[in-house]
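These notes are about the structure you will find just below.
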Amino acid sequence: MSKQLFIQTEKQRDWLKKIETLEQNFKEQAQQIDEASVFPFGNFKKLREIGYTKITLPKEFGGEGFSLYDTILLHETVASYCGSTGLAASWTIQNVGEIFENQYWDEETLAWFGEEVKNGATVNRAVSEFAMGSPVRGGRPATSAKREGDSYLINGRKNYTSGAPDLDYFLVAAWIEDDDHLGFFLVPKTATGVSVENTWDVASMRGTGSDDLVLQNVRVAASSLVEIPSYSTGFKLNGWLLLIPATYLGIAQAARDYAVKFATEHSPNSIQGTIADLPNVQTLIGEMDLALTNARFTIYGVAELYKDPTKKSTIINEVNIAKHVVTNMAIEVVDKAMRLVGAKSLQRSNPLQRYYRDVRAGLHNPPMDDITIKRLAETAIQNQLQKKEVIV
């Protein structure tokens, strides 16, 4: 099912048309970005120029004020043009959406930072560290922040800092030694002692610039401590994380579109017409569209629930389910697209082999599948125990 059926407003249509102006250029650059494993600076420049990096900034701060639903609709389209650009961009717009929606910071800081985002600034949380594993599993960061008068001294190294080569700000998770708790510090890339080490050399999403952020005696003002989270980890599961599966949904759609186009054009001399007339090929096409439809009803259904202020804080399991369903469905779609196209799909010049590698990265974005399944089981058990207590 096409995403066109999920469009609800003229503003969404207008923005989709604006994004479509980037399609040819992004697609032309995608292979080169992947081959060279370089960050798509040009793509981000274009996203800034059309105002995409501020779409989740509230209108009162000069942004578009898009809801999670709106943003998913736009973002799956961006990601269908270039997966690496989509994933790297998702972190900025989801962090801005989450921070301003939940008013995490004081009014003065939000007003100042809103102006920065309005002018094109980008941001991502720097949480992951090799020693602690995935932040959602509760490890304590080795990165430390020590109070010295009216400032903090931060030391540490973060990995998987997506977008690092082009970020303007880093939200650094650090352990505050004096107070013995976690804190987030807003650190500008221009701060002395901040550097990005080019360590990103992986098989998928090769252009996300998920490099190491190195902090060596970085001194920031006490006011840079913008968040003291109430949760125990440096990563809070929330609705805005749906932009991650939206990225993989876009990649899956691109794979499906390539396969269908191939099927309607490929005509080996062993048959009359094209392979699109073959029952086995039609089965693969139908199965791809079935999977995409399931994925879209799931992700947009959860995003619709998130619009309701009374529900959005209670649908964590549903957010996790959407990520699980969409990511795994996306992997299935790309696999079927490659089966349809055949050995040609493995040629390095063919985009399907890139889609295949890129889409599997979703398995390693939070929350991981095992966490989702575990929490569903825990919820089911807890609900059953509560029923027993009521009966007793």
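Given the structure is predicted, the values throughout are model-derived calculations rather than measurements. Each residue takes its place number in the sequence, starting with 1.
The nearest pair of heavy atoms linking T247 to S90 is OG1-CB, 4.1 Å. The two atoms that bring N238 and I316 nearest to each other are CA-CD1, 4.2 Å, heavy atoms only. Nearest heavy atoms, F61 versus L110: CE2-O, 3.8 Å. C82 approaches N43 most closely through the heavy-atom pair SG-ND2, 4.1 Å. The two residues A121 and D168 come nearest to each other via the heavy atoms CA-OD2, 3.2 Å. Residues G209 and P165 come closest through the heavy atom pair O-CD, 3.2 Å.
By the rule that hydrophobic residues join a cluster once side-chain heavy atoms approach within less than 4.5 Å of another member, I72 and L74 end up as members of one cluster. At a threshold of 4.5 Å between side-chain heavy atoms, the hydrophobic network of Ile, Leu, Val, Met, Phe, Trp and Tyr places F297 and V326 in one connected group. Follow the hydrophobic side-chain contacts under 4.5 Å out from L225 and you never reach L186; the two are in separate clusters. A continuous path of Ile, Leu, Val, Met, Phe, Trp and Tyr side chains, each step under 4.5 Å between heavy atoms, connects Y69 with Y306, placing both in one hydrophobic cluster. I373 and I315 are not part of a single hydrophobic cluster, where members link through side-chain heavy atoms under 4.5 Å apart.
Residues T208 and W200 bring a donor and an acceptor atom of their side chains to less than 3.5 Å of each other. Residues Y104 and E98 bring a donor and an acceptor atom of their side chains to less than 3.5 Å of each other. With 3.5 Å as the limit, one finds a donor-acceptor pair spanning the side chains of E129 and T143. Judged purely by distance below 3.5 Å, without hydrogens or angles, the side chains of E35 and Q31 pair a donor atom with an acceptor atom. Side chain to side chain, Q8 and E304 meet the donor-acceptor criterion of an N or O pair below 3.5 Å. If you check the side chains of S144 and N155, you find no donor sitting under 3.5 Å from an acceptor. Residues T122 and T92 have side chains that never bring a donor and an acceptor to within less than 3.5 angstrom of each other. Side-chain contact check for D369 and N328: at least one donor-acceptor pair (N or O, by modelled atom type) lies under 3.5 Å. D358 and S204 share no donor-acceptor pair across their side chains, judged by distance under 3.5 Å alone. For the residue pair Y258 and Q253, no side-chain donor N or O sits within less than 3.5 Å of a side-chain acceptor on the partner. Looking at T109 and D106, their side chains do bring a donor and an acceptor atom within 3.5 Å of each other.
A donor-acceptor pair under 3.5 Å is absent between the side-chain atoms of R354 and the main chain of N350, judged by distance alone. Checked by atom type and distance alone, the side chain of N95 pairs as donor or acceptor with a backbone atom of W91 at under 3.5 Å. A distance-only check finds a donor-acceptor pair linking the side chain of T71 to the backbone of S67 [under 3.5 Å]. Not one N or O on the side chain of K158 forms a donor-acceptor pair closer than 3.5 Å with the backbone of D211. Between the S345 side chain and the G342 main chain, a donor and an acceptor come within less than 3.5 Å of each other. Judged purely by atom type and a 3.5 angstrom limit, T9 uses its side chain to pair as donor or acceptor with the backbone of Q12. Using a distance-only test at 3.5 Å, with no hydrogens or angles considered, a donor-acceptor pair links the side chain of T293 to the main chain of D289. N119 places a side-chain N or O within 3.5 Å of a backbone atom of E115 that can act as its donor or acceptor partner.
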_Step-by-step ring-ring contact (aromatic ring centres under 6.0 Å, His included) determination, F185 to F170_ = CA-CA 8 Å; F185 294 83; F170 302 92; over 10 Å; no
*What's the verdict on ring-ring contact (aromatic ring centres under 6.0 Å, His included) for F113 and Y169, showing C-alpha distance, side-chain angles and the deciding distance?*
CA-CA 10 Å; F113 192 66; Y169 292 92; 5.4 Å; yes
_Steps toward salt bridge (charged side-chain N to carboxylate O under 4.0 Å, His left out) verdict (R357, D34)_ = CA-CA 10 Å; R357 289 181 286 110; D34 178 76; 2.7 Å; yes
_Criterion side-chain contact (heavy atoms from CB on, under 4.5 Å) on F26 and L47, from CA distance to verdict_ = CA-CA 11 Å; F26 277 25; L47 289 176; 4.2 Å; yes
*Apply the test salt bridge (charged side-chain N to carboxylate O under 4.0 Å, His left out) to residues D212 and R157: give CA-CA distance (whole Å), side-chain angles for both, the deciding distance (0.1 Å), then the verdict.*
CA-CA 7 Å; D212 283 12; R157 175 186 286 263; 2.9 Å; yes
*Between D308 and K312, is a salt bridge (charged side-chain N to carboxylate O under 4.0 Å, His left out) present by the stated rule, with each step listed?*
CA-CA 6 Å; D308 186 339; K312 71 178 183 179; over 6 Å; no
*Given R206 and D201, is the salt bridge (charged side-chain N to carboxylate O under 4.0 Å, His left out) satisfied, shown in steps?*
CA-CA 7 Å; R206 288 171 55 77; D201 184 19; 3.6 Å; yes
*Could you walk me through whether N317 and T379 pass the side-chain hydrogen bond (donor to acceptor under 3.5 Å, both in side chains) test, one step at a time?*
CA-CA 9 Å; N317 274 350; T379 300; 2.9 Å; yes
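For N383, the CG atom sits in a packed shell: over 12 heavy atoms of surrounding residues, nucleotides or ligands are nearer than 6.0 Å. The 12-atom threshold is not exceeded at NZ of K311, counting heavy atoms of other residues, nucleotides or ligands nearer than 6.0 Å. By the 6.0 Å contact criterion, CZ on R48 is enclosed, its count of non-hydrogen atoms from other residues, nucleotides or ligands being greater than 12. Within a 6.0 Å sphere centred on CZ of F100, heavy atoms belonging to other residues, nucleotides or ligands number more than 12. When the shell of 6.0 Å around CD of Q32 is examined, it contains 12 or fewer heavy atoms from other residues, nucleotides or ligands. Atom OH of Y160 is surrounded by 12 or fewer heavy atoms from other residues, nucleotides or ligands within 6.0 Å. Residue E108 places its CD atom among 12 or fewer non-hydrogen atoms of other residues, nucleotides or ligands, all under 6.0 Å distant. For Q103, the CD atom is densely surrounded, since the number of other residues' heavy atoms within 6.0 Å is greater than 12.
With respect to L249, the side chain to side chain contact (heavy atoms under 4.5 Å, CB included) criterion is satisfied by exactly one of K3, R296, H75: R296.
The pair E177-K146 fails the salt-bridge criterion, with no side-chain N (NZ, NE, NH1 or NH2) lying under 4.0 Å from an Asp/Glu carboxylate O. Using a cut-off of 4.0 Å between Lys/Arg side-chain N and Asp/Glu carboxylate O, K17 and E20 are scored as not salt-bridged.
Residues Y81 and N25 are not in side-chain contact: their nearest non-hydrogen atoms beyond the backbone lie 4.5 Å or more apart. Annotation: side chain of L385 is in contact with side chain of I381 (closest heavy-atom distance under 4.5 Å). Put simply, the side chain of V96 does not reach to within 4.5 Å of the side chain of I93, judged on heavy atoms. Side-chain contact check for M368 versus K374: every heavy-atom pair is 4.5 Å or farther apart. For the pair V78 and I19, the minimum side-chain heavy-atom distance is below 4.5 Å. Looking at V194 and V214, their side chains never come closer than 4.5 Å, going by heavy atoms from C-beta outward. A 4.5 Å side-chain heavy-atom check between H181 and I228 finds at least one atom pair inside the cut-off. Within the 4.5 Å cutoff, no side-chain heavy atoms of E64 are placed close to those of Y52.
Judged by a 6.0 Å distance limit and a 45° cone about the ring axis, R125 is positioned over the six-membered ring of F184.
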